[in-house]
There are 2 protein chains.
Amino acid sequence: MASNGCPVDPLLRTITGRWTTHILWLLYTEGELRFGELMGLMPDISAKVLTDRLRMLERNGIVLRTQKQTIPPQVSYELTKQGQDLHVVVRALNTVAVEWQALGWEPDKGFPALEAAE
Amino acid sequence: MASNGCPVDPLLRTITGRWTTHILWLLYTEGELRFGELMGLMPDISAKVLTDRLRMLERNGIVLRTQKQTIPPQVSYELTKQGQDLHVVVRALNTVAVEWQALGWEPDKGFPALEAAE
DNA sequence: GTAACTGGTTACAAAAAGGTAATTACTTAC
DNA sequence: GTAAGTAATTACCTTTTTGTAACCAGTTAC
């Protein structure tokens with residue numbers, strides 16, 4: 001899968017994957033969260049995918065992983081300083097989602113046709 | 001692929017796919033563009049994928065397709081009124097991408113380790 | 001001694017997405 | 001009559017992503 005030449009593309013590939021933005025949203029709104037808490041907040045994600053995403057975000061300097069050497073282990077995740085830069089993106093997405101929901105937008109259907117508009 | 005339960009998820013699936021955000025960026029910065037112009041601005045996209053994306057964005061009320069009945073045909077695409085709501089998202093992405101580039105961020109590598117930081 | 005707890009990993013199968021290349025339609029210019 | 005031009009469509013194959021299910025480690029509580 002080659003780059004598409006757009007300078008924003010690497011960022012997009014990093015933060016917009018399935019579940020990824022949701023994880024960022026949770027870490028942004030809830031702050032530090034443990035692995036199990038993230039699993040609980042996203043009931044349909046599998047441990048495999050959550051691990052993949054967290055490792056990827058860690059590699060990219062967006063999320064910080066902290067492990068306490070206890071038994072059983074306690075691992076928590078939080079946004080790094082740079083990761084918090086993403087709040088503008090996440091909030092913009094949220095704003096539009098809320099706006100469009102109010103307008104009755106539905107995926108693959110668009111906006112309801114108003115007789116006297118569009 | 002089931003929904004992940006997040007209210008922002010449908011919007012994410014719609015506007016963050018491969019090429020999709022790039023198309024939105026181009027329509028946002030350049031205004032109305034013809035099919036062939038879009039192809040020219042994204043040299044690596046195929047006609048198939050571009051058509052898929054444009055149809056999808058049209059279905060979702062984000063892009064408006066206008067066809068002139070000439071031979072050969074002239075088809076152009078522009079953002080709808082609601083599609084223009086996405087400018088906050090697109091600009092936020094651009095802002096972060098530029099910022100992170102300045103900081104030396106690289107995909108899968110993160111930010112360069114500064115001796116006296118992090 | 002065995003189950004529970006947390007945070008994973010691994011192998012495998014299924015599904016979705018993406019890319020390639022050939023083909024179409026219609027008319028005008030050569 | 002044949003090529004050019006625009007905007008696609010179609011069939012097919014490959015790659016990527018996603019999900020499922022089983023398994024592991026180390027210690028404590030029962």
Side-chain angles (χ1 to χ4, degrees), chain A residues 1-6 9-10 12-23 26-27 30 32-60 63-78 107-108, chain B residues 1-6 9-10 12-23 26-27 30 32-60 63-78 107-108:
Chain A
M1 210 192 254
S3 158
N4 74 7
C6 174
D9 190 54
L12 278 171
R13 287 171 188 257
T14 304
I15 66 169
T16 66
R18 187 146 157 62
W19 299 110
T20 309
T21 319
H22 196 181
I23 293 170
L26 291 175
L27 293 177
E30 310 276 324
E32 184 175 296
L33 286 172
R34 292 184 46 187
F35 185 87
E37 291 177 316
L38 283 164
M39 287 289 286
L41 290 165
M42 295 178 289
D44 292 339
I45 201 174
S46 64
K48 179 197 149 192
V49 172
L50 179 54
T51 305
D52 281 0
R53 291 302 175 278
L54 290 169
R55 294 271 179 283
M56 182 274 286
L57 291 170
E58 207 191 346
R59 261 202 321 279
N60 280 285
V63 153
L64 182 69
R65 177 180 188 272
T66 314
Q67 175 163 19
K68 279 191 199 160
Q69 285 302 352
T70 55
I71 298 293
Q74 274 180 258
V75 181
S76 45
Y77 296 90
E78 61 191 310
D108 276 349
Chain B
M1 211 193 251
S3 158
N4 73 9
C6 173
D9 190 54
L12 279 171
R13 287 170 189 256
T14 304
I15 66 168
T16 65
R18 188 147 156 61
W19 299 111
T20 309
T21 320
H22 196 181
I23 293 169
L26 291 174
L27 294 177
E30 309 277 322
E32 185 175 295
L33 287 172
R34 293 184 44 189
F35 185 87
E37 291 176 317
L38 283 165
M39 288 289 287
L41 290 165
M42 297 178 286
D44 292 339
I45 200 173
S46 65
K48 178 195 150 191
V49 172
L50 180 54
T51 305
D52 280 1
R53 291 302 175 279
L54 290 169
R55 294 272 180 282
M56 182 272 288
L57 291 169
E58 206 191 346
R59 262 203 319 281
N60 280 285
V63 154
L64 182 68
R65 177 179 187 272
T66 315
Q67 176 163 19
K68 278 191 201 160
Q69 285 303 349
T70 56
I71 299 291
Q74 274 180 257
V75 181
S76 45
Y77 296 90
E78 60 191 310
D108 276 349

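In the text below, chain A, chain B and the rest are named by the order of the sequence lines, each starting its count at 1.
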Practice prompt. Given side-chain contact (heavy atoms from CB on, under 4.5 Å), test Leu26(B) with Met42(B) step by step and report yes or no.
Written response: CA-CA 9 Å; Leu26(B) 291 174; Met42(B) 297 178 286; 3.7 Å; yes

Dump every N/O contact between nucleotides 1-10 of chain D and the protein below 3.5 Å, one line per pair.
residue: dT6(D); atom: O3'; partner: Arg34(B); partner atom: NH2; Å: 3.2
residue: dT6(D); atom: O3'; partner: Pro73(B); partner atom: O; Å: 2.9
residue: dA7(D); atom: OP1; partner: Arg34(B); partner atom: NE; Å: 3.2
residue: dA7(D); atom: OP1; partner: Arg34(B); partner atom: NH2; Å: 3.1
residue: dA7(D); atom: OP1; partner: Val75(B); partner atom: N; Å: 3.0
residue: dA7(D); atom: OP2; partner: Gly36(B); partner atom: N; Å: 3.1
residue: dA8(D); atom: OP1; partner: Arg55(B); partner atom: NH2; Å: 3.1
residue: dA8(D); atom: OP1; partner: Arg65(B); partner atom: NE; Å: 3.4
residue: dA8(D); atom: OP1; partner: Arg65(B); partner atom: NH2; Å: 2.6
residue: dA8(D); atom: OP2; partner: Tyr77(B); partner atom: OH; Å: 2.6
residue: dA8(D); atom: O3'; partner: Arg55(B); partner atom: NH2; Å: 3.4
residue: dT9(D); atom: OP1; partner: Arg55(B); partner atom: NH2; Å: 3.4

[atom1] of [X] versus [atom2] of [N]: gap in Å, rounded?
X	N	atom1	atom2	answer
Gln69(B)	dT27(C)	CD	C1'	13 Å
Lys68(B)	dA25(C)	NZ	P	25 Å
Leu50(A)	dT9(C)	CG	P	11 Å
Arg18(A)	dG19(D)	CZ	C1'	10 Å
Ile45(B)	dA17(C)	CD1	P	15 Å
Met39(A)	dC5(C)	CE	P	15 Å

Worksheet item: Ion pair present between Asp9(B) and Arg13(B), side-chain N to carboxylate O less than 4.0 angstrom?
Response: yes

Worksheet entry | Student check: side-chain heavy atoms of Arg18(B) and Val49(B) closer than 4.5 Å | no

Discussion item. Consider side-chain hydrogen bond (donor to acceptor under 3.5 Å, both in side chains). Of Arg34(B), Glu37(B), Glu58(B), Arg65(B), which one does Tyr77(B) pass it with?
Written reply: Arg65(B)

Worksheet item: For dT18(D), does either OP1 or OP2 sit under 4.0 Å from a side-chain N or O belonging to Arg53(A)?
Response: yes

Practice prompt. Before giving the answer on side-chain contact (heavy atoms from CB on, under 4.5 Å), spell out for Leu12(A) and Trp19(B) the whole-Å C-alpha distance, their side-chain angles and the decisive distance to 0.1 Å.
Written response: CA-CA 10 Å; Leu12(A) 278 171; Trp19(B) 299 111; over 6 Å; no

Practice prompt. Given side-chain contact (heavy atoms from CB on, under 4.5 Å), test Ile45(A) with Leu38(A) step by step and report yes or no.
Written response: CA-CA 9 Å; Ile45(A) 201 174; Leu38(A) 283 164; over 6 Å; no

